[in-house]
Amino acid sequence: DTQGKSAITDIVVVQRTHRHSLFLIKPHTGITHQIRCHLAGLGFPIVGDQLYRHYCQLTKSKSSLRIFLHASKICFMHPESHQKVTFSCPPPAVFNEILIT
């Protein structure tokens, strides 16, 4: 299928530096690679994403072998109880290290 699938993503800029940006992203659909594809298409590929940009080499002190994409909050309806379940987790400290460089 060369036409692809329709996907909707809300993107808000939270912080910008001279080299990197931090976004708050809310995907409304669940298409594979949706966030990665949308950000790269807007000219903001994710640091460390080897598929949608050339590998971004970071210094060894900055955990260079990972993609800098983090789900800080996820919500869904539990399949058995049918109640909304929410999980939250702050971003890793290395995210702040990258933003201040």
Any non-hydrogen side-chain atom of F23 less than 4.5 Å from a side-chain atom of V12?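 Counting from C-beta outward, F23 and V12 never come under 4.5 Å.
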
Could you check whether any side-chain heavy atom of I25 comes within less than 4.5 Å of a side-chain heavy atom of L39, counting everything from C-beta outward?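 Answer yes - side chains close enough.
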
So V47 and I67, side chain to side chain contact (heavy atoms under 4.5 Å, CB included) or not? Walk me through it. CA-CA 6 Å; V47 172; I67 184 170; over 6 Å; no

Answer yes or no: is there a donor N or O on one side and an acceptor on the other, between the side chain of H20 and the main chain of Q15, under 3.5 Å?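 No; zero donor-acceptor contacts below 3.5 Å.
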
Closer than 3.5 angstrom, by distance alone: can the side chain of H70 be matched with the main-chain N or O of C89 as a donor-acceptor pair?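 Present.
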
Quick one: which residue pairs count as a salt bridge (Lys or Arg N to Asp or Glu O under 4.0 Å) with a foot in residues 24-48, not counting sequence neighbours? R36-D49

Is there any salt bridge (Lys or Arg N to Asp or Glu O under 4.0 Å) pair reaching into residues 70-83, and which pairs are they, with sequence neighbours excluded? none

For [X], side-chain contact (heavy atoms from CB on, under 4.5 Å) partners two or more places apart:
X   : value
S6  : none
A71 : none
I31 : K5, A7, T29, Q34
V14 : L22, L24

Gap between atom CD1 of I11 and atom OG of S21 - 0.5 Å precision: 11.5 Å

Members other than M77 in its cluster, when Ile, Leu, Val, Met, Phe, Trp, Tyr link by side-chain heavy atoms under 4.5 Å?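 Noted: M77 shares its cluster with no other residue.
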
Taking only residues two or more places apart in sequence, or in another chain, which ones meet H78 in a side-chain hydrogen bond (donor to acceptor under 3.5 Å, both in side chains)?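 With sequence neighbours excluded, H78 shows a side-chain hydrogen bond (donor to acceptor under 3.5 Å, both in side chains) to no residue whatsoever.
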
Sequence neighbours excluded, the answer for side-chain hydrogen bond (donor to acceptor under 3.5 Å, both in side chains) partners of T32 is none

Heavy-atom count around L42 CG within 6.0 Å, excluding the residue itself: above 12?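 Atom CG in L42 is packed in, count exceeds 12.
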
In one Ile/Leu/Val/Met/Phe/Trp/Tyr side-chain cluster, 4.5 Å: I35, I74: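 Different clusters.
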
Contact summary for Y52 and P45, nearest pair of heavy atoms: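 The pair with the smallest heavy-atom distance is O-CB, 4.2 Å.
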
